[in-house]
Amino acid sequence: MRGLHYKHKRKKEKECYTKTRAQDRIVAYLIDLVVAGVPLLLYSLIYGMGDGVEPTLAANALLIWGLLYLTAKDAFGGRSFGKRYIGLIVLQRNDNAPCSMIKSVIRNLLVQIPIEVLLLFSGDGRRMGDTLTNTQVVRLDEYIKLA
């Protein structure tokens, strides 16, 4: 990501970040839902969805935008728009670097499983997607202090 460069220091396995508040993660996700869905909503309010049942090409493109954004949102410096606003970052636990594209896709595809969201309130606050990809959402200011 241009403009934001972090020095990545390998952290020891024992060293870990404090649990991120579930409320912060939920608010960040809601902001991301707005970023993903508002363009399609505005388009449909202004132009409609097309003649009859067939959606227009623009509506399809905006729907694809929303799905791609929600899937790859954390791949750009580990921070989606929602995480930037709230002050969070997704880190790879093995090397302390921001989340990669492939890990972002895997961890965000799993958020579609409703039970997975409940894991936010469990022990270390990591979702099933975080556990599978060995990532963790942390406060940006804590990450910068330890970097």
Side-chain angles (χ1 to χ4, degrees), residues 1-46 49 55-147:
M1 168 152 222
R2 293 180 189 197
L4 277 177
H5 298 286
Y6 304 110
K7 292 182 180 179
H8 311 300
K9 181 170 70 172
R10 184 176 290 271
K11 62 185 178 73
K12 296 175 185 167
E13 214 41 53
K14 294 179 202 170
E15 184 183 344
C16 62
Y17 295 98
T18 56
K19 180 179 173 180
T20 305
R21 294 180 350 161
Q23 301 92 305
D24 290 343
R25 291 183 68 175
I26 290 169
V27 170
Y29 184 72
L30 292 175
I31 292 169
D32 289 331
L33 284 178
V34 169
V35 170
V38 164
L40 179 60
L41 179 64
L42 289 176
Y43 177 85
S44 64
L45 289 174
I46 295 170
M49 292 301 284
T56 65
L57 180 61
N60 284 334
L62 291 172
L63 180 63
I64 290 169
W65 150 255
L67 294 173
L68 287 175
Y69 175 77
L70 289 175
T71 304
K73 62 186 174 144
D74 300 318
F76 306 99
R79 305 176 74 204
S80 64
F81 286 111
K83 286 184 181 67
R84 286 176 196 283
Y85 184 77
I86 300 299
L88 303 175
I89 186 168
V90 182
L91 299 177
Q92 300 177 145
R93 289 171 55 112
N94 61 334
D95 63 359
N96 207 32
C99 186
S100 67
M101 176 64 80
I102 190 70
K103 288 189 177 190
S104 177
V105 169
I106 293 169
R107 69 183 296 279
N108 289 316
L109 281 176
L110 288 174
V111 81
Q112 305 311 319
I113 303 169
I115 192 75
E116 206 247 349
V117 175
L118 295 176
L119 294 177
L120 277 176
F121 302 100
S122 68
D124 64 356
R126 294 172 65 213
R127 300 186 294 117
M128 189 169 31
D130 290 321
T131 303
L132 182 65
T133 59
N134 198 26
T135 57
Q136 182 174 0
V137 177
V138 301
R139 298 233 27 108
L140 182 63
D141 53 358
E142 184 180 355
Y143 171 63
I144 290 172
K145 280 183 203 172
L146 293 177

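Residue numbers run from 1 in the order of the sequence given.
Looking at Arg139, its side chain does come within 3.5 Å of a backbone N or O of Ile86 through a donor-acceptor pair. Looking only at distances, no side-chain donor or acceptor of Gln136 sits under 3.5 Å from a matching main-chain atom of Arg93. Distance alone, capped at 3.5 Å, places no donor-acceptor pair between the Tyr17 side chain and the Val137 backbone.
The heavy-atom pair separating Gly78 from Pro98 by the smallest distance is N-CB, 3.7 Å. Shortest non-hydrogen contact noted between Trp65 and Val35 is NE1-O, 3.4 Å. Between Phe76 and Met101 the shortest heavy-atom distance is CZ-CE, 4.0 Å.
Within the 4.5 Å cutoff, the side chain of Leu33 has heavy atoms near those of the Leu70 side chain. The shortest distance between side-chain heavy atoms of Ile26 and Tyr29 does not fall below 4.5 Å.
For residues 62-74, the pairs satisfying salt bridge (Lys or Arg N to Asp or Glu O under 4.0 Å) are Asp32-Lys73, Asp74-Lys83, Asp74-Arg107, with sequence neighbours left out.
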Step-by-step side-chain contact (heavy atoms from CB on, under 4.5 Å) determination, Val90 to Lys103: CA-CA 10 Å; Val90 182; Lys103 288 189 177 190; over 6 Å; no

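Partners of Ile64 by side chain to side chain contact (heavy atoms under 4.5 Å, CB included), not counting sequence neighbours, listed by chain and number: Leu68. Contacts of Leu62 classified as side chain to side chain contact (heavy atoms under 4.5 Å, CB included), with partners at least two apart in sequence or in another chain: Pro39, Leu40, Tyr43.
Of the inter-residue distances, the one linking Asp95 atom CG with Asn134 atom CG reads 9.5 Å to the nearest 0.5 angstrom. Taking OG1 of Thr135 as the start and CG of Asp130 as the end, the distance is 3.5 Å to the nearest 0.5 Å. Between atom CG of residue Asn108 and atom SG of residue Cys99 there is a gap of 7.5 Å, rounded to the nearest 0.5 Å. Here the straight-line distance linking atom CZ of Arg25 with atom CG of Leu30 works out to 13.0 Å at 0.5 Å rounding.
Under a cut-off of 6.0 angstrom, the local environment of OH in Tyr69 is crowded, with over 12 non-hydrogen atoms contributed by other residues, nucleotides or ligands.
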